[in-house]
Structures are given as structure tokens and as C-alpha cells.
Amino acid sequence: MKKRTLLSVTFVAAAVLSLASLGAAAQDNKFKIGLIIPLTGPQSTTGIQIEAAARLYMAQHGDTVAGKKIELIVRDDAATPDVTKRIAQELVVKDKINVMAGFGVTPAALAAAPIATQSKTPLVVMAAATSSITQASPYIIRTSFTIPQAAVSMADWAPKNGIKKVVTLVSDYGPGFDAEKFFKDRLAFNGGEVVESMRVPLRNPDFAPFLQKVRETKPDALFVFVPSGAGAAVMKQFLERGLDKAGIKLIGTGDLTDDDQLNGMGDGALGVVTAHHYSAYHQSPTNKKFVTAFEKANKGMRPNFMAMGGYDGMRVIYEALRASKGQGGGDALLDAMKGQIFESPRGPMFIDAQTRDVVHNMYLRKVERKDGQLHNVEFDVIKDMKDPGKTK
Ligand code: PHB
């Protein structure tokens, strides 16, 4: 009797084992990308842009790489870090994803970072932009941009163009702190001065009292960072309060004049100067091809910098899979992401192997009307800029 029990236990164990290896075999022909993005809530446009770009990349490049069938698993975290964390855990444990990507805001990327480290799963940041994110896990790669890249570029341009006395207005969280600090320090270095630094809540911000204060302070310019999706509200209230008429210039990181919203901002946005890594109006054949294909596949949408982070992120994943031949797990995949260099629709792009962060051009742009649309028209460039926030 005892012997029989033992035998059947062995049999069951063997069956379970072979089932598991069968599962693994099926798994072997698949390559799963867990895309965690905000598709609801105030950051939803970020997720919508990223998903559209990721699907476009797949439509253009096929869904089989190195003999593996690529599966895109899209999950909405509403940019809420607790939800991001739960989804990341589920995707790693249950879905056995090979790579996670997306991350619409800094707190979401930081929430998923420990899961990437523990499970040795590469994490591609396609949107969030606080400098320190890449230091939260050795498995993080970034294809979006860093806020210090944009803030420093703006602070170099401003004093050369008559802007010495500036008030800063930023969203009260990671990227806002980066924008405030890097703009202020660099402006001071260049002989200008930030006379007042203001922070507005990320959720449901009311800009009115802050803008009233700016009017009274009467600086040469107001420098703004708000996340993608919030720029139109700032622009509207800036104009309604007549700050432009009072001779105060509006400048900022390019998140302010987001291509997703810019057309709706109206002529009041004309002349606003920002610094950023991507404009839908970037004049290169690679970008023209990208914008045309994106707009064809997504009626009524124009790609913004979030779409760009998603599109290039997919490129980095595809090419890493091709180079590692789908062998060697997360570590091999990560290694093949490091050091990638290519021509992106944004311009030349490089993933620094040491910092795992993006190195690319920063452009100074001015809002102009072109072909009946409002565009961020590039007029100057700082080539191959590393993240000024990295000390090593
Ligand atoms: C961020 O949370 O890191 C973030 C979000 C939206 C932006 C820029 C940065 O436009």
C-alpha cells in the first residue's frame, strides 16, 4: 500500500514536471512585452500615444523576431503607482513576460523598479523623465528623455535672449523638482536669476493664484514644467490673465507645448519657446515617414514625444531580441539594449551603456503656424546631449 502511494506520487510529480516543461516549450516560442501605461485618468493621452506608436512599430516590423512570436500585453495603471506595482508583479509571475515597458509617470516607474531587479526583467521607460529613475534598478533602460536635458537647454538659451529674471512654476513631484533645480542652477551660472519658485499640485491643479503672483512679480519670463496633458490649462490661464500682454514671456520644457494638445491651444501659443527632444515637425525624412504612418494609422491624432518614446522603445526591444537571438534571458536582453545607436524620427539616438539613459539632440523650438497647424518649429540644436543629472 505504502509502495503504491509512493509510486503514484512519483507518477504525478513526473506528470507535473513534464507539463511544466511543455509550458516552457510553448513559452519558448513567444516573447512577451508587458506594456504598463495610463489609459484612463489625467495621464491617459500618454498611454494612448504610446500604445498607438508601439502598435505602429509592430505593424511596420512584423511580430516575429529571432524565431519568437512577439506578444504585446497592454495594461492600464491609470498612472497610480500601487496599481503599477500590482500589474508588474502579475505580469512577471503569471504572464511570464520577457520585458516590461511604458511607465507614464515617475512614481509608476519607481514602483516597478524593484520588481525588475528581483526578477531580472529589463524595464524600458518610454515616458517618465526624472533623472534618477535609471538609478532605481540596473535593469532600467530609458527611451523617453530626461527633464534636466530640457531644463538646462532652456536655461542656456534664455539669458542670451534678454531673459534674465525668471519665475519657475512646476508640478509638485519628481520631474518638477528636476526642472526647477536644473533650470535655476544653470540660469544662475549664466548670469540670470530665478526670483521665485512655485510648485503646483499634480492632481487637479488650479494655476490661477500662482499666475496672479507671477503678474505681480513681473519677471522677464515664466518657466513652466507640467506633465504631458496639462499644458493647455496653463496656456489658457496664462493668456486669460493677460500675462503675455504684461510683457511676460512663457518658456518651458517641451511638455508645455505638447504636440498632442498644441493645435487646440490657439494662436495665443504662437511664439512660445521651449526645449525638447521631439517635435512632430522635425524636418527629416525618417520623421516625415513616421508622422505620415502614425497619422494614417490613428485618425485625428498627431504623434507627440510620448509616442516617440514608445516607438523607439519598441525598436530597442526588437533589436535586443534580434541580437541576443532570444537566448540568455533578461540579462542577455539587457546587455543587447545597452549601447544601441540608431537614427530615430527625433534625430540620432544612443543608449549610453554606462548610465542606460538616452543621449540625443535637444532642440530649441518656437510655436509657429505651418501648413495650417500649430507646430514646435526647431531653430537651434544642442547635439548628443547626455543627462546633466548623472554624475558618473
Ligand atoms: C514624469 O512623471 O516623469 C513625467 C510625466 C510626463 C511628462 C514628463 C515627465 O511630460
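Just so it is clear, the model here is predicted, and its values are computed rather than measured. Computation of the quantities below employed the complete heavy-atom set of this structure, encompassing side-chain atoms and omitting hydrogens, waters and symmetry-equivalent molecules. We count ligands from 1, going down the list as the structure has it; atoms in each ligand are counted the same way.
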note = Residue set satisfying side chain to side chain contact (heavy atoms under 4.5 Å, CB included) with Ala59, at least two apart, ordered chain then number -> none
request  = Could you tell me whether the side chain of Gln43 and the main chain of Ala79 form a donor-acceptor pair under 3.5 Å?
outcome  = no
For ligand 1, list every N/O pair with the protein closer than 3.5 Å, one pair per line with the distance.
{"residue": "ligand 1", "atom": "2 (O)", "partner": "Thr106", "partner atom": "N", "Å": "2.8"}
{"residue": "ligand 1", "atom": "2 (O)", "partner": "Thr106", "partner atom": "OG1", "Å": "3.4"}
{"residue": "ligand 1", "atom": "2 (O)", "partner": "Tyr173", "partner atom": "OH", "Å": "2.7"}
{"residue": "ligand 1", "atom": "3 (O)", "partner": "Thr106", "partner atom": "N", "Å": "3.4"}
{"residue": "ligand 1", "atom": "3 (O)", "partner": "Thr106", "partner atom": "OG1", "Å": "2.5"}
{"residue": "ligand 1", "atom": "3 (O)", "partner": "Ala129", "partner atom": "N", "Å": "2.8"}
{"residue": "ligand 1", "atom": "10 (O)", "partner": "Ser228", "partner atom": "N", "Å": "2.9"}
{"residue": "ligand 1", "atom": "10 (O)", "partner": "Asp255", "partner atom": "OD2", "Å": "2.5"}

ask   = Who pairs with His360 by ring pair (Phe, Tyr, Trp, His ring centres under 6.0 Å), at least two apart in sequence or on another chain?
value = His277
ask   = Can you say whether the rings of Phe290 and Tyr278 are parallel (under 30°), tilted (30 to 60°) or perpendicular (over 60°)?
value = perpendicular
Any residue meeting ring pair (Phe, Tyr, Trp, His ring centres under 6.0 Å) with Phe182, in chain and number order, not counting sequence neighbours = none
key: Arg356 (side chain) donor-acceptor with Ile140 (main chain) under 3.5 angstrom   = yes
